[in-house]
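Quick note: numbers below take in every heavy atom, side chains included, and nothing from hydrogens, waters or symmetry partners. Quick note: residue numbers are just sequence positions, from 1. First listed ligand is number 1; within each ligand, the first listed atom is number 1.
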Amino acid sequence: MKIYDVKINGITNPMGFLYDRLICSWKVESSAAKRQEYAKVEISQSPDFITLVYKKEGRELNGIGEELILQLSPYTRYYIQITVAGDNRETAVSDIYYFETAKLQEPWSAKWIGLANEDCFHPELNKSFTLKKQVISARLYITGLGVFEASVNDRKAGNEYLAPFVNDYETCVQYMTYDVTNLLKEDNELTILLGNGWYKGRLGAEGKKEIFGSRFAAIAELRIEYEDGQIEVIETDESWNYRASAIEESDIYDGEIINECLWADNENPWKPAVALAAFEKKLSERYSLPVLEKESINVQEVTYTPKGETVLDMGQNFAGFLIFKSRLLKGTRVVLDYGEVLQNGNFYKENYRSAKSRFVYIADGSEKIVRPHFTFFGFRYVRISGWVGEIKADDFIGKAVYSDLTRTGYIKSSNEKFNRLYENTVWGLKSNFLDMPTDCPQRDERLGWTGDAQVFSAAASYHMDTRAFFDKYLRDLRYVQERNGGKVPWYLPCLQPEDTCSVWGDAATIIPTMLYRYYGNAEALRNHYPLMKEWVDYIHREDEKRGLKNLFDFGFHFGDWLALDGSTKQSVIGGTDSHFIASVYYYASAKMTAEAAGILGYYENEVQYGQLAKEIKEAIFMEYFSPNGRITIDTQTAYLAALKFGIYKEKQRIIDGLKQRFKKDCYRIKGGFVGATMMCTVLADHGMEDLAYDLLFYEGFPGWLHCVNLGATTIWERWNSVLDDGSISGTGMNSLNHYAYGAVMEFAYRHIAGIQELAPGFKKALIAPKPNIKLDYVKCSYDSAAGRFVSNWQIHKDGRNHIHVEIPFGAGAVLRLPYSRVKDLELEAGRYDYEYMPEKDLTHLFTEESRMEDILKHPEAREIFLDKNPEAAKRLTEWNEEDYAMTLPELKWKVFLGADPDQVQATLDAILMIKNDRHQ
Ligand code: BGC
């Protein structure tokens, strides 16, 4: 038995975080025991645990999250150890973990410092000091605006980038805590470099600068504890000096210029720092996860383009930057331009719009590792100019930079294209979870759009442990909401407080609900309850103002953004009535708020919001349903949203309507940010998994694998971001790294592998895999809050299913063997294997429902068709999309297409015999 993943508030060994609650979680693996007999959390201020400051024990202790109630002292490290005993006498004691407090309520003695008014260069602030005694520990409490990097004796303090990240600057700025004990010597230099970042660089559609502030500023306290117990604090004040750094420019969108020769011919004197007395920024302990160099990526190819340029191909689109070792001669100017697609083999970045996305380095002749400090790029290709000598692939290394999330989900299947798509969705997350969930990491946008985050949040939380990451995002959303009368902004950091709309704003209820379902912690839900409730209250109030209709049928909405059934091919707003969608989400938000209230014991609210939800549903029925229960809006998205949120009088009517709609749409995806992102999951939730598989595995336009076929290594903003000939379809709004449609992986985890939560935090799971002939096998593991579940399946040549399932210690599962008459099995922790002949035939490729387009794509089936239907075959060239969407039984009666019923029947009989030819 082994205990792993011990976390506080979803973070491993947090240093100097904001702890408004202390929720401790852990998991158990490699145990023969099924259940917990006893568990214990011990906390001590010393790693020997001789004296405890806190202890919680008992049979019921819950590893998915135990709240610890203890009075915290500032500047203190608390060590945690977990003990678990199983029902078979096995016990395990965890490694020692810790969490550390920062200043808590202690006042800052340091002052905000900055530059004299006339200086507008990128500064380095500096302080020299000498230490006479033996240091036991040293902590740097620090922040800088817009973004900072600190170093002690030229070595970086902490290992994170772009701190203090994105803040709700009107409310507070986060400060960081770094352990710098090992960086100190007798004579020391403490240096703070400052860059523009989100705070004072360019941000938002209008490209404005200095939106949140115009001054560089820093505040720091270096707290040193000596061997004799004495404490000394080195703090920012007028005794610090500053001068211009080598960073000539920095910007999130535009990149960075480091000019090591900037001051070669000019004076760059040290000047005394200015105390910024009037500078009032509330400081908060950090609540952002660290942003780290999480992965190194080697250059795949050095290419020379038709234009004669040198371009590095990283083989993968991601967010971060390149680093390189400079041995360049003094004055050499190297320019790295970042782009995500080549056009006609040439470097290209028009779709980055106004973002320069460029790194410039001017060498001073010394040998050093070069990297940007205050920017990041979304890219796959890098054009290098100005490099002297031949460029070798290993001269550069890519660094993927994102928030320090723990990976939890893995899926691998027999289909390489599916596997690539799966990886693309993981890269969508990695590239866009840089402190906040952004729409894209490359163009002049990179904003924390609420709609994108909302639709992707469930898939994301299978891929990775998102607790702390989304907690941060929701906290900032709440800060904005609090001063805007309940409105939830379009995106963070908030530049347009007046703007709000449905689906995007419903991130306020959907993400907290998802967090509770996935991570099972009611106290975390309590933190986000005001955000949920006040969003619903806001809509309600606005509705009342114009005479209560219990509908959200007013105001602007993005609706089914980018759906393909809009008025024209270019329309960004889809064909589904936006006010219907808004009202459905209003209902869903009221319902989720009622449920959260119930969980939290706010029973009056539970009743109140439950009642509101009922009234909204009735109003939706009145406005958008026929008296007999047909939805009057006949679009994929309308049916899907009604099914997802349970808005129907008779479910089967909606299902029938949806099936009809898909047929009318020739089985092509029409839905957008609302419809397409939920499509496969909702279909499979309602017994239509075969259609979900068809859509997911469709290789033409529009479809997920279509993008894979065109070489995508991430998820695109549009199904046709790149056209079949490799040219980009437009530059106005066209990102090749937009995670939203990656939401489809929720279907892969929940249905293909079939791991769903039955109880909060996956303490109990439903394992209901759905094998399909499109795949031979699937392997999935999901390290849930309750521990690691495994669901693997394989279809044998003879059609037998092999199902392998693993349930973690302390959890339970209901196993629903797919396509079997066996009743649901109640399983406890352990490993299980089943082999059986399913009721559904999984060996033959075609059924009576197979559509002509699939039949004609399969060589043998095509042969049969052409051979048996000579007349119909001649007219194939005249077929339109609708004809390809036909089944053989439907073709039978199409005399005008040259069909002969007997020949078609003979074709069907023969085709039904074709076996899966991919088999092992
Ligand atoms: C973003 C989206 C976002 C949308 C809102 C776009 O510019 O990239 O992903 O949700 O605007 O309509």
Tell me whether the centres of the aromatic rings in Y422 and H463 are closer together than 6.0 Å. yes
Original post:
What do you reckon, are the aromatic ring centroids of W716 and Y741 less than 6.0 Å apart?
Top reply: no
Table of N or O contacts for ligand 1, cutoff 3.5 Å:
{"unit_1": "ligand 1", "atom_1": "7 (O)", "unit_2": "E445", "atom_2": "OE1", "d": "3.1"}
{"unit_1": "ligand 1", "atom_1": "7 (O)", "unit_2": "E445", "atom_2": "OE2", "d": "2.7"}
{"unit_1": "ligand 1", "atom_1": "8 (O)", "unit_2": "D439", "atom_2": "OD2", "d": "2.6"}
{"unit_1": "ligand 1", "atom_1": "8 (O)", "unit_2": "R443", "atom_2": "NH2", "d": "2.8"}
{"unit_1": "ligand 1", "atom_1": "8 (O)", "unit_2": "H738", "atom_2": "NE2", "d": "3.1"}
{"unit_1": "ligand 1", "atom_1": "9 (O)", "unit_2": "D452", "atom_2": "OD1", "d": "3.4"}
{"unit_1": "ligand 1", "atom_1": "9 (O)", "unit_2": "D452", "atom_2": "OD2", "d": "2.5"}
{"unit_1": "ligand 1", "atom_1": "9 (O)", "unit_2": "H738", "atom_2": "NE2", "d": "2.9"}
{"unit_1": "ligand 1", "atom_1": "10 (O)", "unit_2": "D452", "atom_2": "OD1", "d": "2.5"}
{"unit_1": "ligand 1", "atom_1": "10 (O)", "unit_2": "W504", "atom_2": "NE1", "d": "3.0"}

- Query: Are the ring centres of F212 and W198 closer than 6.0 Å?
  - Reply: no
| task | Determine, for Y287 and R475, whether the Lys NZ or Arg CZ falls below 6.0 Å from the six-membered ring centre while staying within 45 degrees of the axis. | result | yes
Sorted by chain and residue number, the salt bridge (Lys or Arg N to Asp or Glu O under 4.0 Å) partners of D685 (sequence neighbours excluded) come out as none
Self-check item: Aromatic ring proximity, centroids under 6.0 angstrom, Y585 and F552
Solution: no
